[in-house]
Amino acid sequence: MARFELKLPKMGESVAEATITNWLKEVGDRIEADEAVLEIATDKVDSEVPSEVSGVLIEQLFGKDDLVQVGQTIAIIETEGDAPAETKVEETAVPVAAAEIEKTIEAVKETVSAPQDFTTSDKFFSPLVKNIAKEEGVSIAELDSIQGSGKDGRVTKEDILKYVEDRKAGVVQAPKVVEEAPKATVETAKTVQTPEPAAQKSQQAVPVSVNGGDEIIEMDRMRKLISGYMVASVQTSAHVQSFIEVDVTNIVKWRDKVKTAFEKREGEKLTFTPIMMEAVAKALKDFPGMNISVDGEYIIKKKNINLGMAAALPNGNLIVPVIKNADQLNLVGMAKAVNDLGNRAKAGKLKPDDTQGGTYTVTNVGTFGSVFGTPIINQPQVGILALGAIRKVPAVIETPEGDFIGIRQKMFLSHSYDHRVVDGALGGSFVKRVAEYLEAFDVDRDF
């Protein structure tokens, strides 16, 4: 018999940690090779961790909701025969060393407290800051005491990491969680009320149906994350919108003409989205000032054009997978990338790295019949474009013989941009360039 260490696999270039959301196998369960053992979640994507070997699960080193670093051992599986060389545990190990390891594990378990209740604080903390606080054992009182360098005094990643470093070096002292209450006199005792425990406050904060007919549903993990991202974005960026109407009659005619042949030759459906994404990628090359991000008081000019596209998840929530180096793709490549990410999003098969590295985002509000919208910027990007529904409308058509009214296919582009770093001239010129590329679409082009 041998023991195999199941480690948290590398999930992408920029993904360093994940949270365990559910154990699919319990201690004592039989596991087959490539069978899922547990479910994990990063900031944006949920996925499963399969076993590399067949055997019996004999130990879970982390519990539900624990934060785990990439490469950390999360479970021990007992296998028949020899385990792979890099994970084989020597049976001849010194018993004293094993005993010390057990003591260390128990000590860690004892020091891990119940999940922090961040609702007891009046401050806003990002999901990343909360995860670091949980991992480093930083209390709510300590978080409240940190002077944040972010907007409106918000605590940033750098702030909490600096605090943790200073605390380990003894430069700062953790504030006492419980302070001695001042002695009350007989007169003041009448006015002093015992504060309610946080648990009671939480229970009282839960909305109650007056007539008993309403249903109260707690947000799922993804919706809570989305909620936090949206609020943080509005608090961070000065959102401004520009709108422009585009005549896409030539695009509609061309797609109707080639979509059957396209699907037959490429094995992919041709939607309007890749055509729009192609135009956006070209415009970003023309206006690199839109392909940037903001880090405090610094502007980061992005070398690559990585387009995010809003896609639906199985539970109805939205996620933004990223098309890397979108400006280097032709229309066929763009269609394949759009369909691949969209299909994997619907099936819940996206990988964490699929949602990383975006430099600009496009969302198709026209899918739901909206003429235009005012989307919220996907931080730390500085712009997002909403594609409205394509509609047949009467329009004035100019000809050498004179103007006349005709039926045209038109849509609105809604551009939200961060007015901290993008002024109206750049924001308006960019969306106008996208419109120009769409209206100049060659109806005789090949795909």
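We're numbering straight along the sequence, starting at 1.
Side chain to side chain, Thr236 and Gln379 fail the donor-acceptor criterion of an N or O pair below 3.5 Å. Using modelled atom types, one finds a donor on one side chain and an acceptor on the other under 3.5 Å when comparing Ser242 with Tyr417. Counted by atom type alone, Asp159 and Ser149 present one or more donor-acceptor pairs between their side chains at under 3.5 Å.
Side chain of Trp254 to main chain of Thr249: no donor-acceptor pair is present (N/O by atom type, distance under 3.5 Å, no hydrogens or angles). Looking only at distances, a side-chain donor or acceptor of Gln381 sits under 3.5 Å from a matching main-chain atom of Thr361. Remark: the backbone N or O of Glu142 is paired with a side-chain donor or acceptor of Ser139 at under 3.5 angstrom. Gln72 contributes a side-chain N or O that, together with a main-chain N or O of Gln69, makes up a donor-acceptor pair within less than 3.5 Å. A donor-acceptor pair is defined here as one N or O able to donate and one able to accept, closer than 3.5 Å; no such pair exists between the side chain of Glu5 and the backbone of Ile76. Side-chain N or O atoms of Lys392 include none that pairs as donor or acceptor with a backbone N or O of Lys410 at under 3.5 Å. Judged purely by atom type and a 3.5 angstrom limit, Thr367 uses its side chain to pair as donor or acceptor with the backbone of Asn364. Side-chain N or O atoms of Asp295 include none that pairs as donor or acceptor with a backbone N or O of Tyr298 at under 3.5 Å. For Asp423 (side chain) and Leu426 (main-chain N/O), a donor-acceptor pair under 3.5 Å exists by modelled atom type. The closest donor-acceptor contact from the side chain of Ser51 to the backbone of Val53 lies under 3.5 Å.
A heavy-atom distance below 4.5 Å is not found between the side chains of Ile300 and Val294. With a 4.5 Å cut-off on side-chain heavy atoms, Met276 and Met411 count as touching. Within the 4.5 Å cutoff, side-chain heavy atoms of Leu387 are placed close to those of Val362. Residues Leu8 and Ile40 form a side-chain contact, since some pair of their non-hydrogen atoms from C-beta on lies under 4.5 Å apart. Between Glu39 and Leu24, some side-chain heavy-atom pair lies under the 4.5 Å cut-off. Ile397 places a side-chain heavy atom less than 4.5 Å from the side chain of Arg408. By the 4.5 Å heavy-atom criterion applied to side chains, Leu270 and Glu263 are not counted as neighbours. Between Asp354 and Arg344 there is a side-chain heavy-atom pair separated by less than 4.5 Å.
Smallest separation of non-hydrogen atoms from Lys64 and Thr21: CE-O, 3.0 Å. Of all the heavy atoms in Ile319 and Ala345, the pair that sits closest is CG2-CB, 4.3 Å. Closest heavy-atom contact between Ile376 and Ser233: CG2-OG, 3.4 Å. When every heavy atom of Ser54 is checked against every heavy atom of Arg30, the shortest pair comes out as CB-NH2, 3.9 Å. Closest non-hydrogen pair, Leu350 versus Leu341, comes out as CD2-O, 3.9 Å. Considering every non-hydrogen atom in both Leu57 and Ala75, the closest pair reads CD1-CB, 3.7 Å.
Between the CG atom of Asp286 and the OG atom of Ser429 there is a distance of 11.0 Å, given to the nearest 0.5 Å. Here Leu385 contributes atom CG and Met309 contributes atom CE; the two are 14.0 Å apart, rounded to the nearest 0.5 Å. Separation of atoms CG (Asn22) and OG1 (Thr19) is listed at 13.0 Å; rounding is to 0.5 Å. Atoms CG and CD1, on Leu284 and Ile305 in that order, are 5.0 Å from each other to the nearest 0.5 Å. Put simply, CZ on Phe372 and OG on Ser370 are 9.5 Å apart, with the number rounded to the nearest 0.5 Å. How far CZ of Phe441 is from CG of Asn250: 8.5 Å, rounded to the nearest 0.5 Å.
A salt bridge is defined here as a Lys NZ or Arg NE, NH1 or NH2 lying under 4.0 Å from an Asp or Glu carboxylate O, and Lys162 with Glu158 fails to meet this definition. Comment: Asp418 engages Arg420 in a salt bridge, judged by a side-chain N to carboxylate O separation of less than 4.0 angstrom.
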| message | Between Tyr360 and Val382, does the side-chain contact (heavy atoms from CB on, under 4.5 Å) criterion hold? Intermediate values first, please. | response | CA-CA 7 Å; Tyr360 188 88; Val382 299; over 6 Å; no
Open item on the list: Quick one, Gln60 with Lys25, criterion side-chain contact (heavy atoms from CB on, under 4.5 Å). Give me CA distance, side-chain angles, the key distance, then yes/no.
Closed with: CA-CA 9 Å; Gln60 297 174 346; Lys25 296 290 183 179; 5.8 Å; no
What's the verdict on ring-ring contact (aromatic ring centres under 6.0 Å, His included) for Phe243 and Phe412, showing C-alpha distance, side-chain angles and the deciding distance? CA-CA 7 Å; Phe243 307 93; Phe412 280 99; 7.8 Å; no
Check against side-chain contact (heavy atoms from CB on, under 4.5 Å), Glu59 and Glu78 | CA-CA 9 Å; Glu59 191 172 359; Glu78 190 172 64; over 6 Å; no
Check your understanding: When you look at Thr374 and Gln241, which way does the side chain to side chain donor-acceptor pair (under 3.5 Å) test go after all the steps?
Key -> CA-CA 7 Å; Thr374 55; Gln241 284 82 29; 5.0 Å; no
| Checking salt bridge (Lys or Arg N to Asp or Glu O under 4.0 Å) for the pair Arg167/Glu136: CA distance, chi angles, key distance, verdict? | CA-CA 11 Å; Arg167 189 178 66 172; Glu136 297 292 343; 5.2 Å; no
Using the rule given for side-chain contact (heavy atoms from CB on, under 4.5 Å), can you reason through Arg445 versus Val443, listing the C-alpha separation, both sets of side-chain angles and the distance that settles it, and then say yes or no? CA-CA 6 Å; Arg445 69 177 282 184; Val443 73; over 6 Å; no
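The cationic atom of Arg433 (NZ for Lys, CZ for Arg) does not lie both less than 6.0 Å from the six-membered ring centre of Phe287 and within 45° of the ring axis.
Counting heavy atoms of neighbouring residues, nucleotides and ligands inside a 6.0 Å radius, atom NZ of Lys269 does not exceed 12 of them. Within 6.0 Å of NZ on Lys351 lie no more than 12 heavy atoms contributed by other residues, nucleotides or ligands. Atom NZ of Lys257 has more than 12 heavy atoms from other residues, nucleotides or ligands within 6.0 Å.
Aromatic ring orientation, His415 versus Phe430: tilted (interplanar angle from 30° to 60°).
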